[in-house]
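Worksheet: the structure to be examined is printed underneath.
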Number of protein chains: 2
Amino acid sequence: MSQEKNPTKNDAYNAIQKQIQEGELAPGDWLVERDLCDQFGLSRTPMREVLWHLEKDGLLIQSPGRGFRVRELNLQEIMEIFQAREAVEGMAAFLVSHLHDQAFFDVISELRKELESLKDDELQETGPQIGARMHSHIISHANNSILKGFYTKLKNMYSLTVNITRRSREIEMVSRDSHLAIMKAIEDRNGELAEKLMREHLRETCRDITKIFYPNLI
Amino acid sequence: MSQEKNPTKNDAYNAIQKQIQEGELAPGDWLVERDLCDQFGLSRTPMREVLWHLEKDGLLIQSPGRGFRVRELNLQEIMEIFQAREAVEGMAAFLVSHLHDQAFFDVISELRKELESLKDDELQETGPQIGARMHSHIISHANNSILKGFYTKLKNMYSLTVNITRRSREIEMVSRDSHLAIMKAIEDRNGELAEKLMREHLRETCRDITKIFYPNLI
DNA sequence: CTGGCTCATTGTGTATACAACTTAAGTCAA
DNA sequence: TTGACTTAAGTTGTATACACAATGAGCCAG
């Protein structure tokens with residue numbers, strides 16, 4: 001779902017994606033084709049194409065005979081997402097460390113300085129934004145469209161938990177140090193270290209999110 | 001496309017997949033919906049669903065307004081596939097090394113002994129089979145359905161090149177040593193080493209295939 | 001001979017009608 | 001009261017007809 005000419009199908013895709021990611025449509029909610037057709041002015045055939053694309057991208061699940069519903073995640077699946085992110089983003093961090101593209105490293109350097117110089121009261125809001133930009137910048141410059149596609153799906157699925165997860169300030173502090181270390185390693189062209197740190201960072205984030213879901217565990 | 005009750009849609013999916021993987025349908029070939037409908041006794045709506053699933057799984061490409069054709073791979077994309085396999089299968093090798101499931105390690109041990117004891121004249125035919133079983137066994141027991149889904153897509157895409165690639169006996173010899181080393185590391189519960197060896201093995205295989213496509217390169 | 005235009009053919013994109021299935025409510029009997 | 005059975009409403013699965021876009025052949029002009 002990217003290079004369509006017809007605007008309505010894209011509109012429908014983006015609108016539903018937005019509704020899911022903003023929590024308007026909750027995990028488990030059923031989507032009724034007929035209602036969506038009325039809502040977006042499409043007939044059922046193209047509407048179902050949109051729904052299939054949303055399923056492919058990890059946001060919906062199709063139950064044969066019952067239709068589509070918003071994907072639900074259990075703890076096991078959340079851990080699987082983070083393991084997969086370790087594999088995909090770890091590899092991406094390794095790959096970008098060996099680039100010959102000064103502009104890429106300049107942006108990493110800027111992001112690092114920006115994050116370093118954040119005041120305590122800016123950290124909670126701006127910290128995660130810079131982190132997201134870092135992750136996105138790394139995967140975008142790994143020059144591997146397959147890994148990027150995997151990342152997109154994983155990020156979509158991860159967004160299904162964000163509505164529940166309100167990450168605490170302490171977690172964000174930890175993420176800051178990890179992000180700084182990752183960017184430092186990339187700037188040093190140390191691919192092995194960058195990959196190792198990226199994976200530790202994601203494993204740590206996974207643990208933190210797990211704690212929020214199941215505070216008594218571990 | 002897995003747990004459908006209706007047989008015809010599954011039949012169509014499997015038949016087209018088989019035709020592609022056996023070279024009956026070559027990369028770049030166009031698929032005409034109407035013909036496929038006649039061939040499988042389906043109407044266009046469910047037929048298109050099948051085609052979308054095949055696209056999702058990496059075997060077809062949809063050109064808006066032109067229809068579906070069998071995916072074509074250039075050298076860049078082949079390298080991307082192997083980088084992604086490094087990430088996915090490397091992580092899987094790491095994960096299985098920390099399992100507490102004796103039956104899994106027993107199978108690995110059996111596969112290793114089977115491969116070790118192959119005579120020279122059996123190696124060309126049986127060697128790749130054992131290798132494929134090893135890769136499949138590892139990803140299946142990593143307990144991560146997301147990684148397994150990624151692997152399925154990568155293997156589908158990789159199969160698009162196999163018709164062209166007739167791997168030489170020497171390459172298979174090298175693969176044998178790599179496979180043996182990987183299985184040894186897993187049996188020793190050495191996850192870091194297993195992952196490292198898996199990645200080296202895939203990087204090597206990628207180089208070998210690249211040489212077949214572009215003998216003058218490198 | 002070549003370049004561009006027209007028009008017919010072919011195939012996909014969409015809309016809609018009908019069939020089959022799932023679900024849930026309501027009824028009757030134990 | 002509870003259990004199973006019947007039945008009806010609603011939703012998805014499928015088939016088909018029509019609209020539109022792309023392609024290629026043939027023709028004409030330069």
Side-chain angles (χ1 to χ4, degrees), chain A residues 1-17 19-20 24-72 156 160, chain B residues 1-17 19-20 24-72 156 160:
Chain A
M1 217 61 198
S2 42
Q3 70 288 30
E4 296 281 332
K5 267 170 284 181
N6 196 339
T8 40
K9 278 204 287 185
N10 264 330
D11 291 351
Y13 180 95
N14 294 328
I16 295 172
Q17 183 183 41
Q19 284 178 21
I20 292 172
E24 203 169 333
L25 281 169
D29 283 358
W30 289 98
L31 280 77
V32 179
E33 289 179 7
R34 176 65 196 271
D35 297 347
L36 295 171
C37 292
D38 296 345
Q39 187 178 341
F40 295 108
L42 289 167
S43 79
R44 286 184 58 207
T45 313
M47 194 68 237
R48 299 189 81 185
E49 182 181 347
V50 170
L51 295 175
W52 277 316
H53 277 281
L54 286 160
E55 186 203 25
K56 180 193 73 175
D57 294 340
L59 290 169
L60 301 181
I61 292 286
Q62 183 178 25
S63 305
R66 306 267 335 257
F68 292 85
R69 63 180 192 280
V70 180
R71 185 168 195 152
E72 294 174 288
N156 274 334
L160 293 169
Chain B
M1 219 59 197
S2 41
Q3 69 289 28
E4 295 281 335
K5 266 169 288 182
N6 196 338
T8 40
K9 278 204 288 185
N10 263 332
D11 291 350
Y13 180 96
N14 293 329
I16 295 172
Q17 184 183 39
Q19 284 179 19
I20 292 172
E24 203 169 333
L25 280 169
D29 283 358
W30 288 97
L31 281 75
V32 178
E33 287 178 11
R34 180 67 201 203
D35 297 347
L36 297 171
C37 292
D38 296 345
Q39 187 177 343
F40 295 107
L42 288 168
S43 79
R44 286 183 58 208
T45 312
M47 194 67 237
R48 299 189 79 182
E49 181 182 346
V50 170
L51 295 175
W52 277 316
H53 276 282
L54 286 161
E55 187 203 25
K56 178 194 74 176
D57 294 339
L59 289 169
L60 300 181
I61 292 285
Q62 183 178 25
S63 304
R66 303 268 335 258
F68 292 85
R69 63 180 194 280
V70 181
R71 185 168 193 150
E72 296 174 286
N156 274 333
L160 294 169

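Letters A, B, ... are given to chains in the order of the sequence lines, protein chains preceding strands, and every chain is numbered from 1. Predicted model only: the values in this text are computed from it and were never measured.
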Specify the separation, in whole Å, of atom CG of L36(A) and atom P of dT11(D). 12 Å
What protein N or O atoms touch nucleotides 15-18 of chain C N or O atoms at under 3.5 angstrom, if any, and at what distances?
| from | atom 1 | to | atom 2 | distance (Å) |
| --- | --- | --- | --- | --- |
| dA15(C) | OP2 | S43(A) | N | 2.9 |
| dA15(C) | OP2 | S43(A) | OG | 2.7 |
| dA15(C) | N7 | T45(A) | OG1 | 3.3 |

Aromatic plane relationship, F68(A) with W52(A) - under 30° parallel, 30 to 60° tilted, over 60° perpendicular: perpendicular
Restricting to non-hydrogen atoms, name the atom on P27(A) and the atom on V70(A) that form the minimum distance, rounded to 0.1 Å. CA-CG1, 3.6 Å
I need the CZ-P distance between R34(A) and dT11(D), as an integer number of Å. 9 Å
For the pair made of CZ in R69(B) and P in dT23(D), what is the distance, rounded to whole Å? 11 Å
Please report, rounded to the nearest Å, how far the C1' atom of dT12(C) is from the CD atom of E49(A). 11 Å
To the nearest Å, give me how far apart CZ (F68(A)) and C1' (dT12(D)) are. 10 Å
Within this structure, what is the CH2-to-P distance between W30(A) and dT22(C), rounded to whole angstrom? 12 Å
Side-chain touch I61(B)/E55(B), heavy atoms, less than 4.5 angstrom: no
Return the value, rounded to whole Å, for the distance between atom CG of D35(B) and atom P of dG11(C). 7 Å
Would you kindly give the CD-to-P distance between E33(A) and dT11(D), to the nearest whole Å? 11 Å
Any side-chain donor-acceptor pair under 3.5 Å between N156(A) and Q17(A)? yes
Just checking L51(A): base, sugar-phosphate only, or nothing, at a heavy-atom cut-off of under 4.0 Å? nothing
Validation row: R71(B), L59(B) side chains within 4.5 angstrom (heavy atoms): no
Listed pairs under 3.5 Å, donor-acceptor, residues 28-41 of chain B side chains, sequence neighbours left out:
| from | atom 1 | to | atom 2 | distance (Å) |
| --- | --- | --- | --- | --- |
| D29(B) | OD2 | A26(B) | N | 2.9 |
| E33(B) | OE1 | R44(B) | NE | 3.0 |
| E33(B) | OE1 | R44(B) | NH2 | 3.0 |
| E33(B) | OE2 | R48(B) | NE | 3.1 |

